Amino acid sequence: MCTGANYTTSDHYFGRNLDLEFSYNEAVTVTPRNFPFRFRRAEPLPTHHAIIGMATTSDGYPLYYDATNEKGLSMAGLNFPGNADYKPEASDKTNITPFEFIPWILGQFETVDEVKAELERINLVDISFSDAFPLSPLHWIISDRTTSITVESVAEGLKVYDNPIGVLTNNPTFDIQAFTLNNFMHLSTNPPQNNFSDALEFDVYSRGMGAIGLPGDLSSASRFVKAAFTKMNSVSGDSESESISQFFQILGSVAQQRGCVEVSPGKFEITIYSSCCNTDKGIYYYTTYENSQVTAVDMHKEDLDGSVLADYPLIKGQQIHWQN
């Protein structure tokens with residue numbers, strides 16, 4: 001079902017877990033500045049910001065799951081079944097289909113504030129990419145170095161929420177997810193204090209007891225709370241190694257293991273990949289379910305003034321470093 005997050009040390013990092021029971025042959029994809037983005041109902045972008053992220057490419061078009069542009073603006077779409085509601089075309093709006101939403105935003109804008117101003121004119125229109133790729137019910141987290149928002153197209157219209165948590169999972173709607181955190185304000189990284197009764201003595205018999213009550217199941221609501229607690233309390237050094245390691249640990253706290261979530265007989269949802277993009281340097285790191293070694297693609301090693309996509313298929317088999 002997926003979890004997205006961002007994290008800042010000396011650099012800013014953005015990424016997500018993709019949790020599904022199957023793969024669409026996604027690859028790390030760099031879209032250079034002169035790749036012509038055409039849109040179904042909006043003006044094309046013959047030139048735009050360069051983009052790196054995870055995508056399935058069909059008919060030469062990158063269908064991005066999550067991505068970062070060369071200015072450091074990032075965006076990810078996460079499953080939002082039962083709540084996502086896409087609209088008919090509106091003559092007084094900019095009509096963008098959901099599969100175009102990431103390249104349309106990242107191709108043009110540099111900051112979340114710029115995006116928020118433009119979203120007032122956006123209509124997410126109900127047009128599929130193809131019969132093979134119908135629209136997925138999604139909502140989105142959009143982040144720059146200092147700010148995050150959540151965008152949801154629901155029955156009532158387009159909702160844009162400030163997201164100071166910098167985390168997104170799936171259902172319910174973001175306003176409910178954020179409000180539910182009130183139920184967990186008592187959680188702490190410190191040992192618990194006795195607020196139960198002055199007449200009783202208690203034994204702090206284990207480390208970590210300050211966070212008793214932190215959800216550990218794999219539902220989207222529980223993953224939201226756990227990812228938020230883990231991310232908001234994370235401590236890391238400023239080096240690249242420490243930063244990306246901590247980010248993958250945040251995502252690992254809500255990863256899905258094969259066998260724990262059965263979606264149909266014999267089919268299980270797993271964390272197909274976890275990503276972490278250094279948005280300041282344009283380096284996209286990832287791991288896969290069977291490859292825990294971190295792999296990296298640097299967008300600035302590509303010809304960003306070109307017009308041809310660069311695709312890097314995922315390394316899925318376990319990479320083992322032998323020491324003897």
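Just so you know, residue 1 is the first one in the sequence shown, and it goes up from there. Since we're looking at a predicted model, the values are computed, not measured.
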(message) With a 4.5 Å cut-off on side-chain heavy atoms, are Leu73 and Val112 touching?
(response) yes

(message) Under a 3.5 Å threshold, yes or no: a donor from one side chain and an acceptor from the other, between Asp85 and Ser153?
(response) no

(message) Please tell me whether Thr3 and Arg223 have a donor and an acceptor in their side chains that are separated by less than 3.5 angstrom.
(response) yes

(message) Does anything in residues 111-133 form a side chain to side chain donor-acceptor pair (under 3.5 Å)? List the pairs, not counting sequence neighbours.
(response) Asn95-Asn123, Lys116-Asp162, Glu118-Arg121

(message) In this structure, is the centre-to-centre distance between the rings of Trp104 and Phe37 below 6.0 Å?
(response) no

(request) May I ask you to say whether Arg33 pairs ionically with Glu70, meaning some side-chain N is under 4.0 Å from a carboxylate O? (result) yes

(message) Ignoring hydrogens and geometry beyond distance, is a side-chain donor-acceptor pair present between Asn83 and Thr173 at under 3.5 Å?
(response) no

(request) Please report the shortest heavy-atom distance between Val254 and Ala227, naming the atom on each side. (result) CG1-N, 4.0 Å

(message) Main chain of Phe35, side chain of His48: is a donor-acceptor contact present, judged purely on distance under 3.5 Å?
(response) yes

(message) Measuring only between side-chain heavy atoms, which start at C-beta, is Cys276 closer than 4.5 Å to Tyr286?
(response) no

(request) Look at atom CZ of Phe179 and say whether more than 12 heavy atoms of other residues, nucleotides or ligands are closer to it than 6.0 Å. (result) no

(message) How about CD on Gln249, more than 12 heavy atoms from neighbouring residues, nucleotides or ligands closer than 6.0 Å, or not?
(response) no

(request) Following the transitive rule for hydrophobic clusters with a side-chain heavy-atom cut-off under 4.5 Å over Ile, Leu, Val, Met, Phe, Trp and Tyr, establish whether Leu78 and Tyr13 coincide in one cluster. (result) no

(request) Name all residues meeting the side chain to side chain contact (heavy atoms under 4.5 Å, CB included) criterion together with Arg40; count only those two or more places apart in sequence or in a different chain, and write none if there are none. (result) Thr97, Phe99, Glu100, Ile127, Phe129

(request) Answer yes or no: is there a donor N or O on one side and an acceptor on the other, between the side chain of Asn69 and the main chain of Phe109, under 3.5 Å? (result) yes

(message) Quick one about Tyr312 and Thr295 (side-chain donor to acceptor, distance below 3.5 Å, no hydrogens or angles considered), yes or no?
(response) no

(request) Taking all non-hydrogen atoms of both residues into account, name the closest pair between Phe224 and Val167 and its distance. (result) CE1-O, 3.4 Å

(message) Other members of the hydrophobic cluster containing Tyr205, with the 4.5 Å side-chain heavy-atom rule, please.
(response) Val204, Met209, Ile212

(message) Tell me whether Ser307 contacts the main-chain N or O of Asn34 through its side chain, where contact means a donor paired with an acceptor under 3.5 Å.
(response) no

(request) Taking the side chain as every heavy atom from C-beta outward, state whether Cys2 and Arg16 have any pair of such atoms under 4.5 Å apart. (result) yes

(message) Is there a side chain to side chain donor-acceptor pair (under 3.5 Å) between Glu269 and Gln256? Walk through the geometry before answering.
(response) CA-CA 7 Å; Glu269 189 166 88; Gln256 303 215 26; 3.0 Å; yes

(request) Using atom types as modelled and distance alone, determine if a side-chain donor or acceptor of Asn291 lies under 3.5 Å from a backbone N or O of Thr287. (result) no

(request) Take Ser243 and Asp11 through the side chain to side chain donor-acceptor pair (under 3.5 Å) test and state the conclusion after the steps. (result) CA-CA 8 Å; Ser243 299; Asp11 286 343; over 6 Å; no

(request) For the pair Glu290 (side chain) and Gly317 (backbone), establish whether a donor and an acceptor sit closer than 3.5 Å, ignoring hydrogens and angles. (result) no

(request) Just say parallel, tilted or perpendicular for the rings of Phe174 and Tyr161, cut-offs at 30° and 60°. (result) tilted

(request) Please answer whether the main-chain N or O of Ala27 pairs with a side-chain N or O of Thr29 as donor and acceptor at a distance below 3.5 Å. (result) yes

(message) Quick check for you: to the nearest 0.5 Å, what is the distance between Asn190 atom CG and Leu187 atom CG?
(response) 12.0 Å

(message) Can a side-chain donor-acceptor contact be found between Thr271 and Asp19 if the only test is distance below 3.5 angstrom?
(response) yes

(message) For Tyr273 together with Tyr289, are the ring centres under 6.0 Å from each other?
(response) no

(message) Ring-plane angle category for Tyr24 and Phe22, please: parallel below 30°, perpendicular beyond 60°, tilted otherwise.
(response) perpendicular

(message) Using side-chain heavy atoms (C-beta onward) and a distance below 4.5 Å, is Leu63 in contact with Thr57?
(response) no

(request) Look at the aromatic rings of Tyr7 and Phe247 and report parallel, tilted or perpendicular, splitting at 30° and 60°. (result) tilted

(request) For Asp59 and Tyr61, indicate whether the former's side chain and the latter's backbone hold a donor-acceptor pair under 3.5 Å. (result) no

(message) If I compare all heavy atoms of His139 with all of Val151, which pair ends up nearest, and what's the gap?
(response) CB-O, 3.3 Å

(message) Suppose we screen for side chain to side chain contact (heavy atoms under 4.5 Å, CB included). Which residues come up paired with Pro172, at least two apart in sequence or across chains?
(response) Ile176, Gln177, Ala221

(message) Would you say Ser220 and Thr169 are linked by a side-chain donor-acceptor pair, where the criterion is simply a distance under 3.5 Å?
(response) no

(request) Can you see which heavy atom on His12 is nearest to which on Arg145, and at what distance? (result) N-NH1, 3.5 Å

(request) Tell me, please, which residues at least two apart from Arg38 pass salt bridge (Lys or Arg N to Asp or Glu O under 4.0 Å). (result) none

(message) Looking at Ser136 and Leu138, would you say the former's side chain and the latter's main chain have a donor-acceptor pair under 3.5 Å?
(response) no

(request) Using a strict 4.0 Å threshold on nitrogen-to-oxygen distance, state whether Glu89 and Arg41 make a salt bridge. (result) yes

(message) Is it the case that the side chain of Lys231 and the backbone of Ile165 share a donor-acceptor pair, with hydrogens and angles ignored and the cut-off at 3.5 Å?
(response) yes

(message) Counting only heavy atoms not in Asn182 (residues, nucleotides, ligands), do more than 12 fall under 6.0 Å from its CG?
(response) yes

(message) On a heavy-atom basis, which atom in Lys226 and which in Pro215 lie closest, and how many Å separate them?
(response) CD-O, 3.4 Å

(message) Within the supplied structure, the quantity of interest is the number of heavy atoms (other residues, nucleotides, ligands) at a distance under 6.0 Å from Asp198 CG; does it exceed 12?
(response) no

(message) Between Ile272 and Glu26, is there a side-chain heavy-atom distance shorter than 4.5 Å?
(response) yes

(request) Report yes if the side chains of Asp66 and Ser275 come closer than 4.5 Å at any heavy-atom pair, otherwise no. (result) yes

(request) Would you please test Phe229 and Thr189 for side chain to side chain contact (heavy atoms under 4.5 Å, CB included) and show each step? (result) CA-CA 9 Å; Phe229 180 83; Thr189 61; 4.0 Å; yes

(message) If we ignore hydrogens and angles and just use 3.5 Å, is the side chain of Glu152 paired with the main-chain N or O of Val160 as donor and acceptor?
(response) no

(request) Kindly give the heavy-atom pair with the smallest separation between Asp217 and Ser222, and that separation in Å. (result) OD2-OG, 2.6 Å

(request) Can you establish whether the number of heavy atoms outside Lys316 located under 6.0 Å from its atom NZ is more than 12? (result) yes

(message) Please report the interatomic distance CZ(Phe101) to OH(Tyr86), rounded to the nearest 0.5 Å.
(response) 9.5 Å

(request) Please name all residues satisfying side chain to side chain contact (heavy atoms under 4.5 Å, CB included) with Ser74, sequence neighbours left out, ordered by chain then number. (result) Phe14, Thr68, Thr279

(message) Taking the side chain as everything from C-beta on, heavy atoms only, tell me whether Met75 gets closer than 4.5 Å to Ile141.
(response) no

(message) Please evaluate residues Ser245 and Glu242 with respect to the criterion side chain to side chain donor-acceptor pair (under 3.5 Å), reporting the C-alpha separation (whole Å), side-chain torsions for both, the decisive distance (0.1 Å), and the verdict.
(response) CA-CA 5 Å; Ser245 296; Glu242 291 169 293; over 6 Å; no

(message) For a side chain to side chain donor-acceptor pair (under 3.5 Å) check, start with the C-alpha distance between Ser234 and Gln246, then their side-chain angles and the critical distance, and finish with the verdict.
(response) CA-CA 8 Å; Ser234 282; Gln246 187 69 5; 3.2 Å; yes

(message) Quick check: do Thr56 and Tyr64 have side-chain heavy atoms less than 4.5 Å from each other?
(response) no

(request) With rounding to the nearest 0.5 Å, note down the distance linking CD1 in Ile96 to OG1 in Thr94. (result) 6.5 Å

